[in-house]
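The structure under discussion appears below in the form of structure tokens.
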Amino acid sequence: MTVSLSTHVLDTGAGRPASGVRVELTRRGAVVAEAKTDADGRTLLADDLEPGRYSLVFHPPSPFFRRVELEVELAEGHYHVPLVVSPYGCASYRGS
């Protein structure tokens with residue numbers, strides 16, 4: 001089984017993709033992957049993961065949200081988990 005994970009961070013307060021956002025992927029407290037979003041706010045975190053539970057940790061460009069952590073259960077296939085952030089709000093969803 002192969003699992004891959006990518007993300008996209010959108011800064012709706014600024015009305016553009018959020019570039020340079022640090023994103024970490026952890027499993028059982030250990031960092032599995034770490035990256036920064038590109039100019040389009042996107043990054044591929046990993047393309048050869050084992051299925052299981054992971055934490056996706058964002059450090060967004062917000063004066064209020066210093067760290068946003070999502071716990072996800074990954075099975076076989078590709079997952080795209082975007083983060084939409086503004087100065088005082090954030091949301092995520094499972095993308096395609």
[X] side-chain N/O to [Y] backbone N/O, donor-acceptor pair under 3.5 Å:
X     : Y     : result
Ser19 : Gly41 : no
Ser6  : Thr43 : no
His8  : Asp40 : yes
Ser86 : Gly89 : yes

Run the numbers on Arg27 and Glu50 for side chain to side chain contact (heavy atoms under 4.5 Å, CB included), then give the verdict. CA-CA 10 Å; Arg27 186 168 193 200; Glu50 293 181 19; 3.7 Å; yes

Among Lys36, Arg66, Glu24, find the residue that satisfies the side-chain contact (heavy atoms from CB on, under 4.5 Å) test when tested with His59.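 Answer after filtering Lys36, Arg66, Glu24: Glu24.
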
According to the salt bridge (charged side-chain N to carboxylate O under 4.0 Å, His left out) rule, which pairs have a member within residues 84-96, sequence neighbours left out?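 The answer is none; no pair qualifies.
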
Applying side-chain hydrogen bond (donor to acceptor under 3.5 Å, both in side chains) to Ser55 and Glu69, what does each step give before you reach the verdict? CA-CA 7 Å; Ser55 290; Glu69 183 171 353; 3.2 Å; yes

Suppose clustering is done on Ile, Leu, Val, Met, Phe, Trp and Tyr with side-chain heavy atoms closer than 4.5 Å. Which residues sit in the same group as Tyr54? Val3, Leu5, Val9, Val21, Val23, Leu25, Val32, Leu45, Leu49, Leu56, Phe58, Phe64, Phe65, Val68, Leu70, Val72, Leu74, Tyr79, Val81, Leu83, Val85, Tyr88

Closest heavy-atom pair, Ser92 versus Pro82, reported as atoms and distance to 0.1 Å, is OG-O, 2.7 Å

Least distance between heavy atoms, Pro87 atom then Gly13 atom: CD-CA, 3.8 Å

Gap between atom CG of Leu44 and atom OG of Ser4 - 0.5 Å precision: 6.5 Å

Side chains of His80 and Arg42: does their closest heavy-atom pair fall under 4.5 Å? yes

